[in-house]
Amino acid sequence: MRRRSLLIAVPAGLVTLAACGDGDDSGSSSNASDSPSPEASASSAAPPPKIVDGPLPAITAGTKFDEKPTVAKGGGEPSKDLAVKTVIAGGGKAVAENDFISANYLGQVWQSAKVFDNSYDRKTPLVIQLAQGSIIDGWRYALTGKKTGSRVQFSVPPTWGYGKQGNEQAGIKGDDTLVFVVDVQDTFNARSSADGKKAAQDDAALPKVGTNTDGKAPSIEVPKTDPPKKLAAEYVLEGDGAEVGAQDSVLVQYEGVLWDGGKEFDSTYARKQLTSFSLQQVVKGWAQGLTGKKVGSRVLIVIPPDLGYGDSPPEGSGIQKDSTLVFSVDILAKM
């Protein structure tokens, strides 16, 4: 059985998402939204599509990268295959399947040009994993291999969209072909790291955290002294992204060790999986420690027992009652 994140809190106390489990697990928690998005439907997986280069309707306005586009109504019958066009070729990192991507997008129905969703008006890019079951297949196949900084336009037949059931919330019928314009801002995977500037670590009473940005777990050196009684949350690498709010969800890499002895008890690096969650779902020390910190940062968090697991540590975690916990957290994106 594969070990999962220990961070998620439930109403009964500060316990786990699950200590272990079977089956596929991206390590992520859901991020509910009132707006329709390209999240996967419950339909069974379809065979891989044939990818063709058209037809696709014209983008008539908002033609620059990360500008809200206006897209014409589809002319004639759409392709029964997945039509994909790189409108603007970026020069950044290549997107791989199972990566998390950050992207702005607009989606509309081919036949009517009705826009059913766009992230530009919300002024918040979508952060989602290109994994089967997480997003409609059309996105997975259209965006895999594209580079960050690219604008990609594609049309998705029902087979690789929402299937015959459509998406009632979005007003999408079971026979609708969908047209998307996606501006790929960034991509993240198990090799991703924070990219901020080094911050001073000059408090001898706090652990020292490594500043490597190669995607490997940073070192955590815990001093041989008594732990602090209050929460400590300090930059190791300070990013220049947006500040994380108390209601936000985040995509992170992290490593957790015990203050006593420095033994690791949880790590995305060891699982080779990023984790996403709402700050309202995690132990209080995490929520308080990350609130106000900037995206792109690595943060040291020292959590006293009353803000961690207290006298109810997760069974099988190796965490003793009333343990002080030490975390290195890379804030990759805000969701």
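Using a 4.5 Å heavy-atom cutoff, the side chains of S276 and M335 are in contact. Within the 4.5 Å cutoff, the side chain of V236 has no heavy atoms near those of the V299 side chain.
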Checklist entry - What's the verdict on side chain to side chain contact (heavy atoms under 4.5 Å, CB included) for T268 and Q273, showing C-alpha distance, side-chain angles and the deciding distance? => result CA-CA 5 Å; T268 57; Q273 290 180 329; 5.8 Å; no

Checklist entry - Would F327 and L300 count as a side chain to side chain contact (heavy atoms under 4.5 Å, CB included) if you check the C-alpha gap in whole Å, the side-chain angles of each, and the deciding distance to 0.1 Å? => result CA-CA 6 Å; F327 287 94; L300 163 70; over 6 Å; no

Item to check | Verdict with reasoning, V209 to R298, per side chain to side chain contact (heavy atoms under 4.5 Å, CB included) | outcome: CA-CA 9 Å; V209 178; R298 176 170 298 163; 4.0 Å; yes

Item to check | Residues D266, E255; criterion side chain to side chain contact (heavy atoms under 4.5 Å, CB included); working and verdict | outcome: CA-CA 6 Å; D266 196 11; E255 179 182 15; over 6 Å; no

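If you take CG on D306 and CG on D311, they are separated by 11.0 Å, rounding to the nearest 0.5 Å. Between atom CG of residue D66 and atom CG of residue N104 there is a gap of 4.5 Å, rounded to the nearest 0.5 Å. Separating the NZ atom in K284 from the CG atom in L279 is a distance of 14.5 Å, to the nearest 0.5 Å. In this structure, I128 CD1 and I135 CD1 are separated by 4.0 Å, a value rounded to the nearest 0.5 Å. Interatomic distance, CG of D183 versus OH of Y105, reported as 12.5 Å (0.5 Å rounding). Atoms OG and NZ, from S323 and K321 in turn, are 11.0 Å apart once rounded to the nearest 0.5 Å.
Remark: side-chain polar atoms of Q281 are paired, donor with acceptor, to backbone N or O of S278 under 3.5 angstrom. Between the S150 side chain and the K147 main chain, a donor and an acceptor come within less than 3.5 Å of each other. Not a single donor-acceptor pair under 3.5 Å links the side chain of R140 to the backbone N or O of I136. Of the possible donor and acceptor atoms, one in the side chain of S267 sits under 3.5 Å from a partner among the backbone N and O of A270. A side-chain donor-acceptor contact under 3.5 Å links W259 to the backbone of T225. S192 places no side-chain N or O within donor-acceptor distance of the main-chain N or O of A190, the cut-off being under 3.5 Å. Here the side chain of R151 pairs no donor or acceptor atom with the backbone of V182 at under 3.5 angstrom.
Partner of P78 under the side-chain contact (heavy atoms from CB on, under 4.5 Å) criterion, out of L178, V156, L56, T177: T177 alone. Looking at D186, T187, T148 one by one, the single match for side-chain hydrogen bond (donor to acceptor under 3.5 Å, both in side chains) with K93 turns out to be D186. Of the residues listed (D99, L143, D137, N98), the one engaging L130 in a side-chain contact (heavy atoms from CB on, under 4.5 Å) is L143, and it is the only one. A side-chain contact (heavy atoms from CB on, under 4.5 Å) with Y254 holds for exactly one of D330, I301, T275; it is T275.
Counting only residues at least two apart or on different chains, the side chain to side chain donor-acceptor pair (under 3.5 Å) pairs with a member in residues 199-215 are N212-D214. For residues 174-205, every residue pair satisfying the ring-ring contact (aromatic ring centres under 6.0 Å, His included) rule, not counting sequence neighbours, is listed here: F116-F180, W139-F180, F154-F180. Listed by first and then second residue, the side chain to side chain donor-acceptor pair (under 3.5 Å) pairs involving residues 228-240 are E238-K294 (not counting sequence neighbours).
Residues S79 and G54 approach most closely at CB-O, 4.0 Å, considering heavy atoms. For the pair P304 and P228, the tightest heavy-atom approach, listed with the atom from each and the gap, is CB-O, 4.4 Å. Taking all atoms of both residues into account, the shortest heavy-atom contact from A94 to G145 is CB-O, 4.3 Å. In this structure, A232 and L206 approach most closely via the heavy-atom pair CB-CD2, 3.8 Å. Across all non-hydrogen atoms, the minimal contact from A333 to V127 is CB-CG2, 4.1 Å.
If you chain together hydrophobic residues whose side chains sit under 4.5 Å apart, V329 and V295 fall into the same group. Residues Y309 and L307 fall within the same hydrophobic cluster, defined by Ile, Leu, Val, Met, Phe, Trp and Tyr side chains chained together at heavy-atom separations under 4.5 Å. Cluster membership for Y141 and V84, using ILVMFWY side-chain heavy atoms within less than 4.5 angstrom, is shared. Both W160 and I172 are assigned to one and the same hydrophobic cluster, defined by single-linkage of ILVMFWY side chains at heavy-atom distances under 4.5 Å. Clustering ILVMFWY residues whenever any of their side-chain heavy atoms sit less than 4.5 angstrom apart, transitively, puts V283 in a cluster other than the one holding V302.
If you chain together ILVMFWY residues whose side-chain heavy atoms come under 4.5 Å of each other, Y269 ends up in a group of its own. Counting side-chain heavy-atom gaps under 4.5 Å among Ile, Leu, Val, Met, Phe, Trp and Tyr, the cluster of V181 also holds I59, F65, V71, V87, I88, L106, W110, V115, Y120, V179.
A salt bridge links D248 with K334; the closest basic N to acidic carboxylate O contact falls under 4.0 Å. Between D175 and K164 there is no salt bridge, since no side-chain N of the basic residue sits under 4.0 Å from a carboxylate O of the acidic one.
For the side chain to side chain donor-acceptor pair (under 3.5 Å) test, no residue two or more places apart in sequence or in another chain qualifies with E243.
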